[in-house]
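Some notes on the structure that comes next.
For clarity, every value in this text was computed on a predicted model and none was experimentally measured. Lettering follows sequence order; numbering is per chain, from 1.
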Number of protein chains: 2
Amino acid sequence: MLTEKELKEYSDNARASYLPHISIDCVVFGFHEGMLKVLLLHMKNENGWYLPGGFVLKDEPIELSANRILKERTGLDEIFLQQFHVFGDPQRSKDHFEMYKDMLPRAENWFTDRFLTIGYYALVDFCDAIPQPDIFSADCIWRDLDDLPELKLDHALILKTALDTLRLQLNYQPIGYNLMPKEFTMPELQKLYETILDKKLDRRNFQRRMLGFGILKRSEKPRKGGAHKAPYLYSFDLENYQAALTEGFKGGW
Amino acid sequence: MLTEKELKEYSDNARASYLPHISIDCVVFGFHEGMLKVLLLHMKNENGWYLPGGFVLKDEPIELSANRILKERTGLDEIFLQQFHVFGDPQRSKDHFEMYKDMLPRAENWFTDRFLTIGYYALVDFCDAIPQPDIFSADCIWRDLDDLPELKLDHALILKTALDTLRLQLNYQPIGYNLMPKEFTMPELQKLYETILDKKLDRRNFQRRMLGFGILKRSEKPRKGGAHKAPYLYSFDLENYQAALTEGFKGGW
DNA sequence: ACAAAAGTGTTTGATATACACCCATGT
DNA sequence: ACATGGGTGTATATCAAACACTTTTGT
């Protein structure tokens, strides 16, 4: 539980270090055992959950802020982070006004100012990320996307928007590099797509299409040990992957 | 030419009214005589040009801010405005620091603070818009996209990003409602697409595809008076158009 | 031997591209 | 009459969807 004194201290520190009225919220997607997960924080002194977020240092490029926040929460660095929307409704943080209203006068509490938040989403390998709570939180854990708890503020909207954006991106950008382990099988990659899109895809057509993008390299050795026929292992061809990221897939016109 | 006194006054007013460190810049595209135009401002006391921009009132939703700014610059209201990116490099406004450095101390000049800017783009009917300069500007005029003057700050980057976004959107969203007059011919609409994409399209295939989207209504009467065969007039089917805006065109997966 | 996972086709329909022809109108 | 802009149609290639068969491996 946060004391008034601590809150005041955090508030003063934040005011001194960060740009006012601007925050960053990260929707960190992970993938594990066929389930899409998202990283959520649970506050010490209340019930709801939050997306991991943070603020922009007074002289810090926002892309760095987003990366810093992601790193602080997952230990991961150099991850594809996609800015997707700014949420700027003045009413979006009224939960906060309520929550802190008896602790510290509004004027003294930096955190109850109005904030615009810049939404970023990240796709990370579930296994590499080590969730770390921040100073306000009791927990930082992966939650299943289809079993979400109640989210505070407008974080449900932010999450939904991120997911919609991700699904759109899927149509003209490669996805998976940060979500999959170094090597993976085609069915595993397919499972990722199916999970994100929440629909079944045809095994054979998926494979053909995926290979057609030219962003995969097939390893010599198939995965051994498993039951049934041994699947081939693939990894992303980083060069082509990056190119596809910038250029996109299907032209259209 | 802006006097120091005026600047101080504007600065103090702005500080009192707007959120600090946050601005909005609008890339307003218009279409006229087969040319894509963009609305630019020319400052009184310097050479470069700017995108029309503004600030967010302390209690104003950012979508309203963008609309307000657009309205102040063009007189147009209820226009499709698309938020497309936040530009948050701390160095992005160093032009401003230079420009004002001899006029007013940094601490007193609100406009030389660091600003993140939220980029919006709008597509408007060239004929309906009446360019209005703001208090800092001598001129607000349409400039041809392929004959751009030097842009200040990072506004060239913002403009380029807007154009890239627009071209991407073209692949899965209808475009044109705000750029075209109420009624237009198919060749006219095609010209718009060709101009945005900067490439020639096949007349017949364009028509088939466009009609396939089901967002156009054909008027009874063809356009009379012109030379050669009278073309049909079309208008957008607003209902389907809106639906296509939210749902997008070609599914992908 | 067989069930289940995975690799590799083939057939079919839709969609895009390229191209040809016809119609109307002012000079 | 003819050049030009504009409407409509058709053959072809390309791609996506649906579906079948074969191979491997643990039980």
Inset, instruction - Mind checking salt bridge (Lys or Arg N to Asp or Glu O under 4.0 Å) for A/Lys182 and listing every partner two or more places apart, or none if nothing turns up? - result: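 For A/Lys182, no residue satisfies salt bridge (Lys or Arg N to Asp or Glu O under 4.0 Å) once neighbours in sequence are set aside.
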Inset, instruction - Could you list the residues that satisfy salt bridge (Lys or Arg N to Asp or Glu O under 4.0 Å) with A/Lys160, not counting sequence neighbours? - result: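 Listed in chain order: A/Asp164.
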Separation of atom [atom1] in [X] from atom [atom2] in [N], rounded to whole Å:
| X | N | atom1 | atom2 | answer |
| --- | --- | --- | --- | --- |
| A/Met186 | D/dT24 | CE | C1' | 18 Å |
| B/Lys200 | C/dA18 | NZ | C1' | 17 Å |
| A/Lys229 | D/dT24 | NZ | P | 6 Å |
| A/Phe206 | C/dG7 | CZ | C1' | 15 Å |
| B/Leu211 | C/dA16 | CG | P | 13 Å |
| B/Phe184 | D/dG6 | CZ | P | 14 Å |
| A/Met210 | D/dA16 | CE | P | 13 Å |
| A/Arg209 | D/dT14 | CZ | C1' | 14 Å |

Inset, instruction - Give a yes/no answer on whether the side chain of A/Gln207 brings an N or O atom under 4.0 Å of OP1 or OP2 in C/dA6. - result: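 No, outside the criterion.
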Legend entry - Presence of B/Arg218 side-chain N/O under 4.0 Å of D/dT8 phosphate oxygens OP1/OP2: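 It does, given that an N or O in the side chain of B/Arg218 lies less than 4.0 Å from OP1 or OP2 of D/dT8.
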Inset, instruction - Please work out whether the ring planes of A/Phe236 and A/Phe184 are parallel, tilted or perpendicular, with thresholds of 30° and 60°. - result: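 If you compare the ring of A/Phe236 with that of A/Phe184, the planes turn out tilted.
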Inset, instruction - Would you please classify the geometry between the B/Tyr177 ring and the B/Tyr241 ring as parallel, tilted or perpendicular, with 30° and 60° separating the classes? - result: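 Plane angle between 30° and 60°, so tilted.
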Inset, instruction - Just compare D/dT8, D/dC21, C/dC23 and give me whichever is closest to any side-chain atom of A/Arg203. - result: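 Shortest atom-to-atom distance from the side chain points to D/dC21.
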Legend entry - Given D/dT8, C/dG7, D/dA18, the nucleotide with the shortest approach to the side chain of B/Arg204: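 The answer is D/dT8.
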Inset, instruction - Could you please spell out the steps behind the side-chain contact (heavy atoms from CB on, under 4.5 Å) verdict for B/Tyr120 and B/Ile69? - result: CA-CA 10 Å; B/Tyr120 279 82; B/Ile69 293 163; over 6 Å; no
Legend entry - Given DNA chain C, 5'-ward residue of the pair A/His228 and A/Asp202, judged by closest heavy atom: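 Final value for this comparison: A/His228.
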Legend entry - Upstream residue (5' side of DNA chain C) when A/Arg208 and B/Asn205 are each assigned their closest nucleotide: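 The answer here is A/Arg208.
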